[in-house]
Structure formats: C-alpha cells, structure tokens
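Have a look at the structure below before the remarks.
Indexing begins at 1, ligand by ligand and atom by atom, following the structure's order. Sequential numbering from 1 along the given sequence is applied to the chain's residues.
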Amino acid sequence: MAGAAGSEKSVYVTVSVLDAGHITLPDYLFVAGADPNVRTTVPSLSFLVQHPSPPASRHANVTNLVFDLGVKRDLSSYPIAQQPHVAARRPIITDPDCSASLRKGASNEGGDRELLNPETEIDFVILSHVHWDHIGTPSDFSSAIFVVGSGTLGLLRNGAGPYYPAEQFNPDELPVSRTVELPPDPSQGSSFQEYYAGQDTPVHTPTPAGTQAKLPSIADEWSWQPFGGFPRTIDFFGDQSVYVVDSPGHIYGHVNLLVRISDSKYVYLGGDCCHDTRLLSGEKEIAEYDDGRGGIRSVHVHTGLAKKTLAEIDAGINQLRQEMDVEVVLAHDKEWRERNRHRFWPGKL
Ligand SMILES: [Zn+2]
C-alpha cells in the first residue's frame with residue numbers, strides 16, 4: 001500500500017478520551033534506571049472512536065467503537081489468583097470507570113443527560129490486550145462486538161506459561177458469541193516461533209459458524225497488510241480511517257489502533273506497547289528485573305519482541321509524520337492526561 005494520503009474520498013473519525021480508572025505503578029518496573037522508591041498513580045485510558053457510518057445492528061448515523069475498557073468498577077470481581085497483583089497496585093481509582101465516563105462525560109459535563117449508553121450504543125469494543133487494567137467490565141457492553149488479537153481467547157481459557165497461569169484469567173470474561181479474534185499473521189509465524197520458543201503460546205480461535213458478531217462488510221477480507229511504514233495492519237472499516245496495528249511482545253494478542261481524524265492528522269493509540277513515551281523515542285530503555293525464578297524479565301511477555309515492536313512503531317510514526325501530524329497516546333500516560341483534560345469526552349482530539 002502507498003502512503004497515507006491520496007485516497008479518493010477520505011473518511012475521518014473522531015477520537016474522544018475516557019477516564020477508565022487509575023492504578024499505581026512502581027516506576028522501576030517500566031523505565032530502566034528509575035528510582036526504586038517512586039510509585040506513580042497513572043490513568044488506564046479508554047478511547048471512543050466515532051466512525052461516520054450507520055452500524056449494522058441499530059438505527060444511527062455513527063458507529064461507536066471503544067478501544068480498551070480500563071479497570072473493573074468492582075475490584076472484587078477479578079479472579080482470586082489476580083487479587084494479590086491488584087492489591088499491589090493500590091491506590092486504585094475506579095470511579096468513573098469506562099461506562100460512567102461514556103454516560104456522563106468528563107466532570108459530569110452532560111449533567112443529568114446520558115451522553116452515550118454503553119449497553120445499547122457501543123457497536124465495537126477492541127481490546128489492546130486482556131491484562132486486568134485494560135479488560136474493564138465487558139458485561140456492561142451487552143450489544144457490542146468484541147474484537148481481540150489472535151490467541152486472546154485461548155489465553156483467557158488456558159493461560160500461557162508461568163507468567164500467565166490460567167487461574168489469573170476469567171475464561172468467561174468475553175461473550176464468546178459476540179467475540180471475534182483478528183486473524184493470525186502468517187508472516188509472523190517463523191519469528192514468533194523464534195521468539196516464543198519453548199513457551200506455551202496460546203493458539204488462534206477461529207470465529208464459530210453460529211457467531212452473532214456483525215462485523216464491517218470488509219471483515220471477510222481482513223488480513224495483515226503493510227500501511228505506510230507499519231508492516232502489519234488491518235484496515236478495520238476498509239476505508240483507511242481505522243487501522244489495527246499488530247504490536248506483539250507485551251502479551252499475546254496485543255494490538256494498537258491508528259486512526260485518521262483529519263486530512264492532516266492521525267492519532268496513534270499505543271496501549272501498553274510501552275508505559276513512557278521516552279521508550280518509544282529510544283531516550284530510555286525497557287526496565288528488566290529479577291523474575292523470582294532465577295531469570296530476568298520485564299513487564300512484557302517477550303522483551304526482545306516488545307523492543308522490535310517499539311522500533312517498528314517509531315519507524316511507522318516517523319514515516320507518517322513526513323506527510324502529516326501524528327499524536328501518540330499511551331494507555332498509562334499521566335502527563336498526557338493532565339495536559340489534555342479539555343479533550344476528554346464529550347470533547348475530542
Ligand atoms: Zn498490559
């Protein structure tokens with residue numbers, strides 16, 4: 001595929017930011033060389049992407065897509081085996097969660113008026129990955145289609161290796177009849193085997209024949225293709241407005257979103273590709289620490305693959321920036337949130 005510009009009739013989306021809980025992270029787990037005594041309370045952001053097309057399953061002019069659901073409103077509903085990790089991330093703020101932010105907007109801007117109903121008006125939920133601080137409360141989105149990276153359903157059912165035992169996940173977290181895994185990337189096969197050699201990598205779950213998931217009509221043709229400098233993307237609506245970007249390494253099935261908001265600007269939603277923008281620019285390195293099993297680990301399931309992904313994202317963004325503006329937003333970027341409160345839903349980027 002050619003560069004970013006040049007499509008005959010360009011389609012743009014809007015992006016609004018949603019508070020979806022806050023958690024507290026020790027800095028030294030994320031950025032090499034950070035002060036071991038410093039812990040920072042950071043957001044776990046969600047995003048509302050509005051696409052100017054009528055959804056398949058209801059009468060409306062706009063398709064509503066939410067990227068990531070943040071922290072669960074009810075912390076006691078995490079699996080018991082996950083509870084010690086959650087406790088270690090306190091203080092945790094769960095109000096507002098993603099649903100409350102959709103309904104009320106930032107600072108209750110809508111007053112008594114409900115801005116968006118998560119049960120009836122959200123058409124798609126794309127999860128960057130299924131870590132506890134991104135999975136939120138999927139049952140709130142009772143008519144949405146969930147779209148996740150390849151291997152995610154297997155991970156929720158069976159876990160994957162020593163860092164991700166099955167008991168940390170709820171196998172019924174996502175509604176199977178309304179959940180679709182993106183295709184596995186065939187070109188990734190060999191490098192995945194190289195990176196994940198000897199690990200219990202979750203396998204792809206094909207969509208069942210009886211699925212209730214109504215996808216964009218282009219979904220039959222979804223496959224990982226290069227876009228600009230990004231080697232593996234899926235054009236979600238088939239009109240170059242929303243690209244899912246394969247971004248492996250953090251955890252199985254991790255994906256990002258690249259969305260076009262005007263003729264001169266994209267927004268890159270980076271999920272947990274890193275937790276500090278200085279890692280993306282190469283100014284800082286991924287922290288590595290004792291894994292408690294005689295080895296070294298990072299917050300990523302595969303540190304080498306996560307580094308390769310960061311380099312790919314940086315190159316992809318820099319290539320796009322030769323033509324237009326690209327704003328990068330990471331899920332846990334506290335400083336970005338503080339600078340951009342005026343752009344939270346019902347505001348937009
Ligand atoms: Zn994560």
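Between the Zn ion (ligand 1) and Asp133 there is no N/O/S contact shorter than 2.8 Å. The Zn ion (ligand 1) has His131 among its coordinating residues (N/O/S atom, backbone or side chain, under 2.8 Å).
The aromatic rings of Phe237 and His51 lie parallel to each other, with less than 30° between the two planes, well short of the 60° mark.
The distance from the CD1 atom of Ile135 to the CD atom of Gln82 is 10.0 Å, given to the nearest 0.5 Å. Taking CZ of Phe67 as the reference point, atom SG of Cys98 lies at 12.0 Å (rounded to 0.5 Å).
The atom of Asp272 nearest to the Zn ion (ligand 1) is OD2, with the search restricted to N, O or S atoms.
Geometry note: the Zn ion (ligand 1) is the vertex, His250 NE2 and His129 NE2 are the arms, and the angle is 100° (rounded to 10 degrees).
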Please report the C-alpha distance between Arg341 and Asp19 in whole Å, then the side-chain angles of each, then the deciding distance to 0.1 Å, and finally whether the salt bridge (Lys or Arg N to Asp or Glu O under 4.0 Å) criterion is met. CA-CA 10 Å; Arg341 291 294 289 146; Asp19 263 331; 3.1 Å; yes
